[in-house]
Structure formats: structure tokens, C-alpha cells
Amino acid sequence: MINEYIDCTEFMRLIEDQKIKPSVVKRYLKEQGMVFTATNAHELATNVYTIFLGCQEMERLKQVIIHEGNYEKSVLVNSELSQANDEDILDYFADEFNKRRTTGYKGITIEQPVIKNDTMFLQLSYTKKVPGKNRFLKDATRSVQIQIRKKSSKAATIDIRQQSTTDYQRVLEFLSAIAAGQDETELTIKHVNLQVLLPQNRVSFFDELANRQYPNWRLKTITGITVKKLSTLEDDEEEELSADGQELPTGALAGINQAVLHGNGLRSNEFVQTCLNQGFEITSMKYRYESKQEATEFVVSVSSKSEDLRIDIDKSFTEEDGRLCHQPLPKSDQDEIIHAVQKEANAVYDTLRGKQKDTPGIEAVVVPVMQE
């Protein structure tokens, strides 16, 4: 809440000093029906500072600035309800969450689930001890946003938005407790686990994901690749190669870009082939896309961590003063991107799993549900 109103001259100074990003101001005013074509911060500040914005508008702009300063990070999980259960899967989740709202679960507070357009929105929160802080800051409240999107009456995708690994692990533990608490196996939690794929199919996963088409953006380049070598030691050896990396072999990333963008596949690249021959596997790739309508670009990181698939907005760029600058996209845009990539990742994964099951001599791997 605004306790002191910011006058127009102060608002102009904030824009000129870029304490408030000009691109955020232009985007917000565009939502209000006002389009500005100013090419620099000073010109924009001069054009907009006399517009009267009331307390409600200033509060809305303040929240946009605060909440759009971060990039969305997600973990993708699937769920399936037994055919023996005649409930719709979203109704099933709603019942299970509401049962635990009054009592909570191991310190987790559960908000009222809301269902809208075949999607359930839910927020979980818990208190995390922060080591090394004074008594005033020793406890931190963490909130985790969950979207459960229905694929059919018996299947749904679970999209966990999280700030750290601890957050989504608490959610998975909670979901697994729901699944394990039934007299009969009604709910199954299915991880998108690339480790159940054959080595060649793990490469195909990142290949085919790069070839997927989207209506509003196109793939521009590959900005990074992570390869990992499994060892007999407890800690795995992992190395990340990116466009800015000092250890990147000359021409390696350029070759990967050429292979992916020309549709030749990652295995046709000499560097990738060498990694695979030496026992390394690809665990993540960063795809840079460009908008078809606006001067906007963003990087999506797709990574396999343990038995789960993470899809994060790594960074984004918006044109400002005639050049691309780092600027988080609006949450609605980030949400749309993650939804789209998760949908394609699920489709690619299901196709590759299906091919393995149909191949003679290959036994299907069953991923166990995480226990409490």
C-alpha cells in the first residue's frame, strides 16, 4: 500500500534515472490504452510525467515493477487417476487439498484451491529456517504456486513454480503423501524422468524439443549446453558449456547451433558426438527464442535434475533505446512460455517412451512414486 503519494516530478525523475524501467512503464500504459513511441528514458519521462495517475494506478504500477523483476522457474510433473475412481481429477485434487486445509501437512499451509478453465490454482506456504541470520530474520515464509492443468478427466499436468529445490521437494512430498494415503492406488504421480530413456533418446529429447514450432516465437540459437558424466563416486562430474564459457572448445557451440537450426540433429555435431562417446550425457540445454511480433527475445532453460524436468525462464531481453536490454517479461508472458514449452516437452517425452515400449527387447522402466 502507498503511504505517501509520488508526485509527477518525482515520477519523471524515477524514469529518467531508470529506477523504473521505461519498458515497464510503456507496457503498463499500453494496457491502459496509451501507446508511447519514445526511444529513450528522458523522452518517455517528459511525455508521461504529466499524466495523472491516482493511488490505485500507482499501486498497480508499483506491484508490476516488484513482481515482474524475477524470472519464472518451474518443475513439471504428471498425475493420473485410477479408472476405478469415477471422479474428475481436478475434483479429486480439490477434495484432497480441502481435507488437509484445516490440519495442514507437516507445517505446510494450504490455501483454498480455485478451478478456472480446466486449471486448478493453488498456493502452498511454509516457514523455512534461515541459517546465519539474526533472530529477526531467522524464519522465512516461502510460498509455492501450483497449477494443475487437466489433460483428460483422469490425467493432469502439475506445474510447480518454485524459488529453490527445497520448495518443489516439499510439494512432491505432499503430493506423494496424498497418493500413498489411499486404501487402493487411486492417484499416481508420474515424474518426467529423462533417465528412463535410452541414451540416444535423451539426445533426441533435446533435438525434438528444438524442432517444435510456436505461433508467437521462433528458435534463434542455442546459448548453452550442459553435459554430465556419471561416475562411481557419490558426486557426479558436471560441466556447463555456454556462449560465455571460458572452457568452451572453439566452434563447439556454433556447430551445435548449426546442427539444431538446420534440423540435422545434435548427434551430427562432432563435439556432441565426442561427449557421448566418452560417456557424457546431455542434461540441459538453453534455447534462445525471438518474438515474431515484437523486439523481444528470451532464453528457456530445459534441464533434467534427478528424476524431474525443470523448465525455467533463464533471461529475457526487450528493446530499449534502440538496443536489446535485460528485462524480465511480464508474468503473463512468462506463464504463457512455460505452459507452451511444458506441453511440448510432455509430448516429446511421451512419444519417446512409447517408442521404447514398442521396441522388442526393451523392458519398460517404471518410476516409483516418491514416498513420504
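Numbering starts at 1 and runs along the sequence shown. As the structure is a computational prediction, the values presented were derived from the model and not from experiment.
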Heavy atoms of Leu194 and Tyr349 approach each other most closely as CD2-CD1, 4.0 Å
Output yes when a side-chain donor or acceptor of Arg100 lies under 3.5 Å from a complementary backbone atom of Glu96, and no otherwise.
yes
Mark yes or no for whether Thr119, through its side chain, and Arg149, through its backbone, hold a donor-acceptor pair below 3.5 Å.
no
Step by step, work out the side-chain contact (heavy atoms from CB on, under 4.5 Å) result for Val77 and Ile189.
CA-CA 7 Å; Val77 184; Ile189 303 299; 3.5 Å; yes
Side-chain heavy atoms of Asn216 within contact of Gln293, under 4.5 Å:
yes
Rounded to the nearest 0.5 angstrom, the OG-NZ distance for Ser303 and Lys73 is 9.5 Å
Do Tyr71 and Asp314 have side chains that approach each other closer than 4.5 Å (heavy atoms only, starting at C-beta)?
no
Could you check if a side-chain atom of Ile313 sits within less than 4.5 angstrom of a side-chain atom of Ile337, using non-hydrogen atoms only?
yes
Can you name the closest pair of heavy atoms from Pro113 and Phe97 and give their distance?
CG-CB, 4.3 Å
What's the spacing between Gln123 CD and Ile110 CD1 if we round to 0.5 Å?
12.0 Å
Treating Glu297 as the side-chain partner and Ser291 as the backbone partner, does any N or O pair qualify as donor plus acceptor under 3.5 Å?
no
Rounded to the nearest 0.5 Å, how far does CG of Asp167 lie from CD of Gln145?
11.0 Å
Asn85 side chain to Leu81 backbone, donor-acceptor under 3.5 Å
no
Using a 4.5 Å cut-off on heavy atoms from C-beta on, say whether the side chain of Tyr126 contacts that of Thr109.
no
How long is the span from the CG atom in Asp207 to the CZ atom in Arg212, to the nearest 0.5 Å?
12.0 Å
Do Ile160 and Val144 have side-chain heavy atoms sitting under 4.5 Å apart?
yes
Quick check: does any side chain N or O of Tyr287 sit under 3.5 Å from a backbone N or O of Phe206, one acting as donor and the other as acceptor?
yes
Test question: given the 4.5 Å side-chain rule for I, L, V, M, F, W and Y, name all other residues clustered with Val299, or answer none.
Phe317, Leu324
Does a side-chain heavy-atom distance below 4.5 Å link Ile146 with Val171?
yes
Are Lys106 and Glu173 ion-paired here, with the side-chain N under 4.0 Å from a carboxylate O?
yes
Checking Gln147 against Leu122 for the side-chain contact (heavy atoms from CB on, under 4.5 Å) test, could you report, in this order, the C-alpha distance in whole Å, the side-chain angles of both residues, the deciding distance, and whether it holds?
CA-CA 6 Å; Gln147 297 180 26; Leu122 179 71; over 6 Å; no
Please report the C-alpha distance between Tyr92 and Ile178 in whole Å, then the side-chain angles of each, then the deciding distance to 0.1 Å, and finally whether the side-chain contact (heavy atoms from CB on, under 4.5 Å) criterion is met.
CA-CA 11 Å; Tyr92 174 88; Ile178 292 176; 4.2 Å; yes
Kindly say whether Gln195 contributes a backbone atom to a donor-acceptor pair with the side chain of Arg202 at under 3.5 angstrom?
yes
Closest heavy-atom pair, Leu309 versus Ala345, reported as atoms and distance to 0.1 Å, is CD2-CB, 3.9 Å
Quick check with a 6.0 Å cut-off and a 45 degree axis cone: is Arg288 positioned over the face of Phe298's six-membered ring?
no
Out of Val192, Val348, Leu197, Asn201, which one pairs with Arg353 under the side-chain contact (heavy atoms from CB on, under 4.5 Å) rule?
Leu197
Output yes when Arg218 and Glu290 qualify as a salt bridge under the 4.0 Å nitrogen-oxygen rule, no when they do not.
yes
Straight-line distance of Asp312 CG to Lys286 NZ, nearest 0.5 Å
9.5 Å
Donor-acceptor pair, Gln334 side chain versus Leu329 backbone, under 3.5 Å?
yes
Grab the two heavy atoms, one from Lys154 and one from Glu87, that are nearest each other, plus how far apart they are.
NZ-O, 2.9 Å
Looking at Asp159 and Arg161, is there a salt bridge between them, counting it only when a charged N and a carboxylate O are closer than 4.0 Å?
yes
Should we say atom CD of Gln213 is surrounded by more than 12 heavy atoms from elsewhere, each under 6.0 Å from it?
no
Could you tell me which residues satisfy salt bridge (Lys or Arg N to Asp or Glu O under 4.0 Å) with Lys150, sequence neighbours excluded, listed by chain and number?
Asp88, Asp118
Linking I/L/V/M/F/W/Y whenever their side-chain heavy atoms sit closer than 4.5 Å, directly or via other members, would Tyr214 and Val300 fall into one cluster?
yes
Within one Ile-Leu-Val-Met-Phe-Trp-Tyr cluster: Leu90 and Phe121, side-chain cutoff 4.5 Å:
no
Give me the atom names and distance for the closest heavy-atom approach of Ser152 to Ile89.
O-CG2, 3.8 Å
Keeping Ser74 on the side-chain end and Ile311 on the backbone end, is there a donor-acceptor pair under 3.5 Å?
yes
Walk me through whether Phe93 and Ile158 qualify under side-chain contact (heavy atoms from CB on, under 4.5 Å).
CA-CA 11 Å; Phe93 272 119; Ile158 303 176; 4.1 Å; yes
Going by heavy atoms in the side chains, are Asp308 and Asn193 under 4.5 Å from each other?
no
Are Thr226 and Ser284 close enough, and set up right, to give a side chain to side chain donor-acceptor pair (under 3.5 Å), and what steps lead you there?
CA-CA 5 Å; Thr226 304; Ser284 77; 2.7 Å; yes
dist Gln356:CD -> Gln200:CD (nearest 0.5 Å) comes out at 7.5 Å
Counting neighbours of NZ on Lys343 that are heavy atoms of other residues, nucleotides or ligands and sit closer than 6.0 Å, is the number greater than 12?
no
How close do Gln342 and Val75 get, heavy atom to heavy atom, and via which atoms?
NE2-O, 4.3 Å
Donor-acceptor contact present, side-chain Ser79 to main-chain Thr188, <3.5 Å:
no
Set of side chain to side chain contact (heavy atoms under 4.5 Å, CB included) partners for Thr102, sequence neighbours left out:
none
Side chains of Asn78 and Lys151: closer than 4.5 Å at any heavy-atom pair?
yes
